[in-house]
S.K.: 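First, the structure itself, so that you have it in front of you.
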Amino acid sequence: MSQAVAARPMRDLITWPQEGFTRVPLQVFADAEIYAWEQDLIFRGPTWSFLGLEVEIPEAGDYITTFVGDSPIIVVRTAEGGINALVNRCVHKGSIICYEPKGKRERAHNFVCPYHNWIYDFEGTLKTIAFEKGIQGKGGMPEDFDKSKHRLIRLRVETIRGLVFGTFSAATPPLRDYLGPVMVEHIERTLHGQPKILGRYSQFMHNNWKLYVENSRDNYHPSLLHAFFSTFKLNRLSAEGGTRQDDKSWHHITFTKRYTDAGDQAYDSGMIRAMKTDYGLKDPSLIDQWMEYDDQITNSIQSIFPGFVLQQILNSIGTRQIITRGIDKCELVWTLIGFGEDTEEQTRVRVKQSNLVGPAGLVSMEDGAIGNFVQQGIKGDLDNVAVIEMGGRGVGGMPTRATETSVRGFWKVYRELMGV
Ligand code: FES
Ligand SMILES: [Fe+2]
């Protein structure tokens with residue numbers, strides 16, 4: 001963090017309204033100093049961030065590059081079969097070392113910085129400095145320069161069901177304690193087999209990262225903004241569903257049981273945009289699904305603080321990773337998952353349904369647009385607040401989705417970590 005920012009405590013930047021979690025100062029979506037504090041207190045703070053899938057780096061030397069907040073990260077499989085996460089920033093001048101999304105290094109001493117060729121091993125140890133002894137006895141590094149005092153920053157790494165998480169902080173509890181039993185059980189339920197990657201894409205969003213986090217936890221909007229969902233009865237508030245969360249209200253699951261939809265006059269009344277129509281699908285196989293889970297849940301969106309989402313929409317299973325890209329931009333990286341034991345037909349269904357949901361489909365395109373609508377809408381009025389009172393004022397789990405309890409839960413943890 002810059003000295004200018006560090007000189008001014010976060011709590012002096014913002015006065016949180018006395019109504020608490022039901023109000024959010026719009027300033028938090030548009031302020032450079034707040035953004036810088038978030039990098040320190042949230043992304044480099046006591047939180048676990050999703051880094052990728054174990055299956056992406058099956059063999060020693062396989063690596064992927066990713067981000068935790070703004071920090072670039074290399075995730076590499078070691079010769080012993082472990083996983084290391086290293087900050088992808090050379091200790092010499094700060095250049096990115098690995099600049100490709102993924103790759104393989106054959107030898108253990110082989111992360112070579114492109115700028116002056118300093119070389120690191122898979123533990124992040126600085127092994128070699130080009131021209132360390134100079135040329136013909138001239139130049140080179142000082143005699144007493146100690147390479148062992150300069151190394152890549154290494155994150156703590158833990159995995160659950162093939163998902164890899166990393167944290168900068170020694171204070172973060174072990175991953176399973178951080179998630180809590182409700183979240184652990186749901187991850188183990190959703191990822192019920194040996195994952196295989198079916199596809200990947202990224203969606204660049206023109207809004208602050210927190211607007212997407214709110215959106216993923218907001219079970220009030222899907223049947224309204226995503227008219228497709230309600231028109232074809234994929235996700236209506238009249239179907240059985242609800243929200244679950246961990247004890248501290250840091251992480252949330254919103255879920256629906258599609259086949260319990262008893263119908264609701266509200267959707268047929270013309271009072272809401274997602275009204276009854278004569279529309280039908282020419283190819284209904286787009287929304288065919290097989291009942292994959294004993295709990296009969298057909299849609300579930302699980303949000304792990306700060307920026308990870310595990311999705312099940314019909315049989316489309318996937319991870320979404322939110323990467324901060326500045327005050328008013330973020331990137332959403334999607335990885336679509338199937339399982340080793342899937343039949344060819346099941347794989348085909350998963351891929352087809354994923355096209356419905358992804359950014360070129362009908363759902364995420366709308367989420368991307370709406371985040372930008374909010375970012376545009378708040379611009380001239382940063383002294384104002386958002387009002388979040390649907391379903392009451394608390395943060396507990398609820399047996400309905402006509403609630404913003406999970407959004408309030410996000411602001412609860414945000415305020416805890418940011419000290420506001
Ligand atoms: S910046 Fe990496 S070797 Fe110089
Ligand atoms: Fe949405």
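Numbering of ligands and ligand atoms starts at 1, following listing order.
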S.K.: Looking at the rings of F111 and Y63, which for Trp means the six-membered one, are their centres under 6.0 Å apart?
M.R.: yes
S.K.: Hey, which protein N/O/S atoms does the Fe ion (ligand 2) have under 2.8 Å?
M.R.: H221 NE2, H226 NE2, D367 OD1, D367 OD2
S.K.: What about F43 and W209, are their ring centers closer than 6.0 Å?
M.R.: yes
S.K.: When you look at CD of E389, are more than 12 heavy atoms from neighbouring residues, nucleotides or ligands closer to it than 6.0 Å?
M.R.: yes
S.K.: On the 0 to 90° scale, with breaks at 30° and 60°, tag the W334-Y201 ring pair as parallel, tilted or perpendicular.
M.R.: tilted
S.K.: With a 6.0 Å cut-off (strictly less than), is the heavy-atom count around CG of D294, excluding the residue itself, greater than 12?
M.R.: no
S.K.: Taking side chain to side chain donor-acceptor pair (under 3.5 Å) as the cut-off, I'd like each qualifying pair that reaches into residues 85-94, sequence neighbours left out, listed once.
M.R.: H92-H116
S.K.: Excluding waters, how many protein N/O/S atoms sit closer than 2.8 Å to atom 2 (Fe) of ligand 1?
M.R.: 2
S.K.: Does the side chain of N84 come under 3.5 Å of the side chain of T78 through a donor N or O and an acceptor N or O?
M.R.: no
S.K.: Can you sort out the partners of K352 under salt bridge (Lys or Arg N to Asp or Glu O under 4.0 Å), two or more places apart, ordered by chain and number?
M.R.: D283
S.K.: On the 0 to 90° scale, with breaks at 30° and 60°, tag the F305-F410 ring pair as parallel, tilted or perpendicular.
M.R.: tilted
